[in-house]
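Not measured: the values here are computed from a predicted model. Reminder, nothing fancy here: chain letters follow the sequence lines and each chain counts from 1.
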Amino acid sequence: MEDEFFGEETFQQYCAKFIKHSQQIGDGWKWRTAKDCSDGYMYKTQFQIKTGTMASHLGTPASAQTCLPTEEALELPLDDSEVPGSTAASEVIKYEYHVLYSCSYQVPVLYFRASFLDGRPLSLKDIWEGVHECYKTRLLQGPWDTITQQEHPILGQPFFVLHPCKTNEFMAAVLKDSQKINRNVNYVTSWLSIVGPVVGLNLPLSYAKAAMQDEQLVD
Amino acid sequence: MSDDKDVLRDVWFGRIPTCFTLYQDEITEREAEPYYLLLPRVSYLTLVTDKVKKHFQKVMRQEDVSEIWFEYEGTPLKWHYPIGLLFDLLASSSTLPWNITVHFKSFPEKDLLHCPSKDAIEAHFMSCMKEADALKHKSQVINEMQKKDHKQLWMGLQNDRFDQFWAINRKLMEYPPEENGFRYIPFRIYQTTTERPFIQKLFRPVAADGQLHTLGDLLREVCPSAITPEDGEKKNQVMIHGIEPMLETPLQWLSEHLSYPDNFLHISVVPQPTD
């Protein structure tokens, strides 16, 4: 059933290219195939320090946070001495991000879950509060339309989801612009670079360069 | 056909007699009597059990009460699945009433979604409806509706108002005259034997030659283990709303008449009971 614009097979191809680059830079993304079927998902585990907002940048005071993190800020310190003196209580949170394909909307969907190191999961309220300031306004307009808890369609466990129904709207602009300059994009890379930061997931810029190189090889 | 309209009513007003019993390890100030209720098949547990909660909270102290959750024979019940689906999938071969255990502590975080408020149920319900319309009409019909129409669908379900609900829902059951049905059929097939919670794939109601696909066609394509082989013994029941529709039934008709209010066909494949 691949007569739609963006099918499951195409999704898997984009993910394969994405993961290839991830392996080159040690970014930790992997693919998992479902046990009973040929579908699957891309996943990554990441640890972050929560000092109030999800995308807290170590070494950057909260007041100086910007929406676009630098690559250096993505690395965790190896010991406490590197963390600047802060009186705010901080905890390490484990994030698991899964990228699945929705055949209903024919777009990728970002699922994630978060827990403290002792296994306590974060609540929906924690997640909403942790959304980066840049995106807070949009979230507050319709929190129930944006991030909610849902059942993972392959694992059957509770995850948080970034709603996919608006994906086509913002991706249309990206695809249109790239068509104008006759360049193919890796849909998954472009999409993830847009939605990921909302929930603390940032992509190094090298993914964009890799996508350009992939396209050049095809030509 | 007026018979078809009757089917819509029969589906909407289906009920399951249920007995709620408090989990024995909950701390109570006096003994908790079981609570009996007729549950609407097409609704959701946390939407229709306010009375159950109040009944048991009367014999408990405030500090011993945390988020309510339900369990059947050790299996936590997913409130975000329609009640009729839960029953068909887990308890259809047992005698009535359906015996559900009520818990107020040790919420199973790894198994169940939280239900912090009625807003969560509404969000989930509307999200399912939107997904169903994405499949049926590329979201055109639901996106053209006004906010008040969406509200009416939810209020109709919440208040058990068949006419209020169907005044709007009928628009979601239409399709262009030149087509013979929806673009794709919204369906999910559930089995307790798989880790995957359900099977959902793209499936058209009409074949390339214009023939209507049947329930049997769907199963053969996406869940062949549910179909009995030619000379084999029937191992499974394929159940929707407590009945086994004939496999020759056109899928388009099933989608228009036997969908749940969220516009999905929630189909259970369960072992054939050995009487």
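If you measure heavy-atom distances from A:Lys125 to chain B, you find no contacts under 4.5 Å at all. Looking at B:Leu112, only its backbone comes within 4.5 Å of chain A, counting heavy atoms on both sides.
Note: B:Glu109 CD to A:Ser115 OG = 10.5 Å, rounded to the nearest 0.5 Å. Put simply, CG on B:Leu202 and CD on A:Gln106 are 6.0 Å apart, with the number rounded to the nearest 0.5 Å.
Residue pairs satisfying the side chain to side chain donor-acceptor pair (under 3.5 Å) criterion with at least one member in residues 40-49 of chain B, sequence neighbours excluded, are listed as follows: B:Arg41-B:Asp88.
The local environment of NZ in B:Lys171 is crowded, with over 12 non-hydrogen atoms from other residues, nucleotides or ligands closer than 6.0 Å. With a 6.0 Å radius and a threshold of 12 heavy atoms from other residues, nucleotides or ligands, B:Gln211 has its CD atom at or below the threshold. Counting heavy atoms of neighbouring residues, nucleotides and ligands inside a 6.0 Å radius, atom CD of B:Gln62 does not exceed 12 of them. Under a cut-off of 6.0 angstrom, the local environment of NZ in A:Lys44 is crowded, with over 12 non-hydrogen atoms contributed by other residues, nucleotides or ligands. Residue-environment remark: NZ (A:Lys30) stays at or below the threshold of 12 foreign heavy atoms within 6.0 Å. Atom NZ of B:Lys235 has 12 or fewer neighbouring heavy atoms from other residues, nucleotides or ligands inside a 6.0 Å radius.
In terms of heavy-atom pairs under 4.5 Å with chain B, the best-connected choice from A:Pro158, A:Pro153, A:Pro164 is A:Pro158.
Against chain A, the residues from residues 68-81 of chain B that qualify, each with a non-hydrogen atom under 4.5 angstrom away, are B:Lys78, B:His80, B:Tyr81 in number order.
Side chains of B:Gln200 and A:Ser104 form a contact here, defined as non-hydrogen atoms less than 4.5 Å apart. At a threshold of 4.5 Å between non-hydrogen side-chain atoms, the residues A:Cys37 and B:Arg196 count as touching.
Minimum interatomic distance between B:Ser139 and A:Tyr105 (heavy atoms only, all atoms of both residues): OG-CE2, 4.4 Å. In plain terms, the two heavy atoms of A:Gln149 and B:Leu113 that are nearest each other are OE1-CA, 3.4 Å. Taking every heavy atom of both residues into account, B:Leu135 and A:Cys103 meet most closely at CD2-O, 4.4 Å.
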